[in-house]
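Taking it in order: structure first as structure tokens, then the write-up.
Numbered from 1 within each chain, the chains take letters A, B, ... in sequence-line order. Here the structure is a predicted model, which is why all the values come from computation and not from measurement.
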There are 2 protein chains.
Amino acid sequence: AETIELFRDWHKGERESQASLEQLLSWELDVLAVDEETLALRALSVLDLWGFFNRDDPSVGVAAVDISRMQGFLSDLYHHYHSSNPYHNFKHAFSVMSAVGNLLRLCGADEFCSAVEQLALLVASLAHDVGHSGLNNDYYVKKKHALAIRYNDQAVLESMHSSLAFELILKEKNNFLADWDEEAFAEFRKTAIAAILATDMKVHFDLTTQMQDLRSTPEVDTSCPDTKILVHKCLVHAADISNPVLPTSMYEAWAQRVATEFYRQSQREKSEGLPTAPFMDSSPDDRAEFAVLQLGFMNFVVAPLWNAMVDMWPQLEPRRKQLAENVEYFKKLQSCAEKKDTEQGSPE
Amino acid sequence: AETIELFRDWHKGERESQASLEQLLSWELDVLAVDEETLALRALSVLDLWGFFNRDDPSVGVAAVDISRMQGFLSDLYHHYHSSNPYHNFKHAFSVMSAVGNLLRLCGADEFCSAVEQLALLVASLAHDVGHSGLNNDYYVKKKHALAIRYNDQAVLESMHSSLAFELILKEKNNFLADWDEEAFAEFRKTAIAAILATDMKVHFDLTTQMQDLRSTPEVDTSCPDTKILVHKCLVHAADISNPVLPTSMYEAWAQRVATEFYRQSQREKSEGLPTAPFMDSSPDDRAEFAVLQLGFMNFVVAPLWNAMVDMWPQLEPRRKQLAENVEYFKKLQSCAEKKDTEQGSPE
């Protein structure tokens, strides 16, 4: 019933068949301005326009899936995101799927990905934070929470997201992989798991170093399995930290939501007597601190990975330009906020 | 009640205080000839003789723990091993703890391990297979079993063993770590998790290469955290595959149990329509095949790691000698069995 409810417009024949992938995936599209149900519909449209529901499309081949099962899965996935989270909600999920779709198109998906892998990456990016409660790994570990015990303090949330995603996929009514052979299933599963686990920030610096090495390789062997998996992981992880390559107003709105979620956690940790992380401690209303944190994130986390990717795929050059603009914006925000603080008389 | 039952002899004052660690941990001690309850008592004795229940022992220091909570934990641990498994039962667990205790003593525990780490390694080795059902990771993955879904096909059993061990430790009646500070708790937890996850055979070749590199390092920095963790992992993993360095009759009896457990799994897989692994397919009664498998295991798996460790710690030299004897024994076993097969007229 929920599935039908969520996709009622689709079933009324209003599938967005007129829209193109370019329009649906545009970097300029303000995801925060769209309601979550519409985004679920768009996620289905992206897969539809990609050809995955068309068994006659030779470019899709073995990766063709049943649309009603995919609807069942997307509906369950949608309902397992917490819309009460300021940041880790279905809008973020769609935003990352959209970025992955864009990257696949711009970076020549066919070079590094089979059709099965493309489906796995699109599904994984939409599922990569499913079940997120608005608290990070560190909270679960410090709390000795049952989830941290289950996952031995290692990639606690990411392991849960991946596991939950497959739990939902494997439900009979949702299992769009049920009629695939074991080999294709294994390829899908391996790719999707690797992609979701690569969104653990703990592997960021390692992934970045590997992508920088790949960029410096004269002739990349696109058929090498390790290279393919590295590219898959980087696509999804880069998409997960792609807010700073979006138009400034969109980036700022997302960042504000991250800061709010972090601050809520830090307040909760204080009330529970747990230690807090300095970067989560300041109120999102402290504009100077907010700007400093975003500048650090852009310069030391996002830029090294994205620059390596732009070097590798020059079609991404506009993203580097956008990132530079955002750095300038937050520099100004910082100096304005600090000036204001001084004028209002902070203690010297 | 179960705790008291299991440790009744201990409480009657019959703790094996007369025995020495040397006697309890001897490589020559035939663990299979001892009943499981007695082994549980001995595990407690090992920790007792190590000094962990003596808060006044300066060499134990912050690692001192409450004996009644440890008894509660050991009792729960004991009851979560499946005695119906031919191989992965409490006897194997004790045998690995015993080998780790030996390695710690022979390799100079104090050089690479704090007292907290020594306790963590001894507890981890006893807990490293808790909850094992007699089926390996591959079975769970092929079956798309809920446990494989939970752990994303990665170190499925080892992740569960470690998680279950801490679930049991953190029960209030068992929590021998409850009055430790957060730092000591974190050290224990990190060490124990790393040790249990290192028993995944998937990391064997990587660990072996790293130990070979360490052996070739002119001056080992025993205070380097990465080196310490590598040594911890190798101690527990080497102990887990230490049957081939035990006296021949004991090794053969353990190996027979492994072969029986593998064969049961392969029979089950056939009945469930799952693919089987060639090395699990042959009956343990096929002596020639049994010998060939053990020779492969010794030459290609056990020897590279154990040789590197003997080079690093010459006190382990008798183990290398024992391994060589066992290779000779199984070579003879193979040729005898093949001769017999030929005489009985196998199809030419």
- Task: Count the heavy atoms of every other residue, nucleotide or ligand shown that sit under 6.0 Å from NZ of B:Lys270, and state whether that count exceeds 12.
- Result: yes
- So, the part of B:Leu170 with a heavy atom under 4.5 Å from chain A: the answer is side chain
- Which value, rounded to the nearest 0.5 Å, describes the distance between B:Gln154 atom CD and A:Leu197 atom CG? 5.0 Å
- Item | Whether over 12 other heavy atoms sit under 6.0 Å from B:Glu272 CD | yes
- Reported CZ-to-CE distance for the pair A:Arg150 and B:Met160, which is rounded to 0.5 angstrom: 12.5 Å
- Task: Verify whether one side chain among B:Ser163 and A:Asn152 offers a donor that lies under 3.5 Å from an acceptor in the other.
- Result: no
- Message: Could you tell me if A:Lys144 sits above the aromatic ring of B:Phe166, with its cationic atom closer than 6.0 Å to the ring centre and no more than 45 degrees from the axis?
- Response: no
- Item | Contacting region of B:Ile149 [heavy-atom separation from chain A under 4.5 Å] | both
- Query: What option among B:Lys190, B:Glu167, B:Arg189 has the most heavy-atom pairs under 4.5 Å with chain A?
  - Reply: B:Arg189
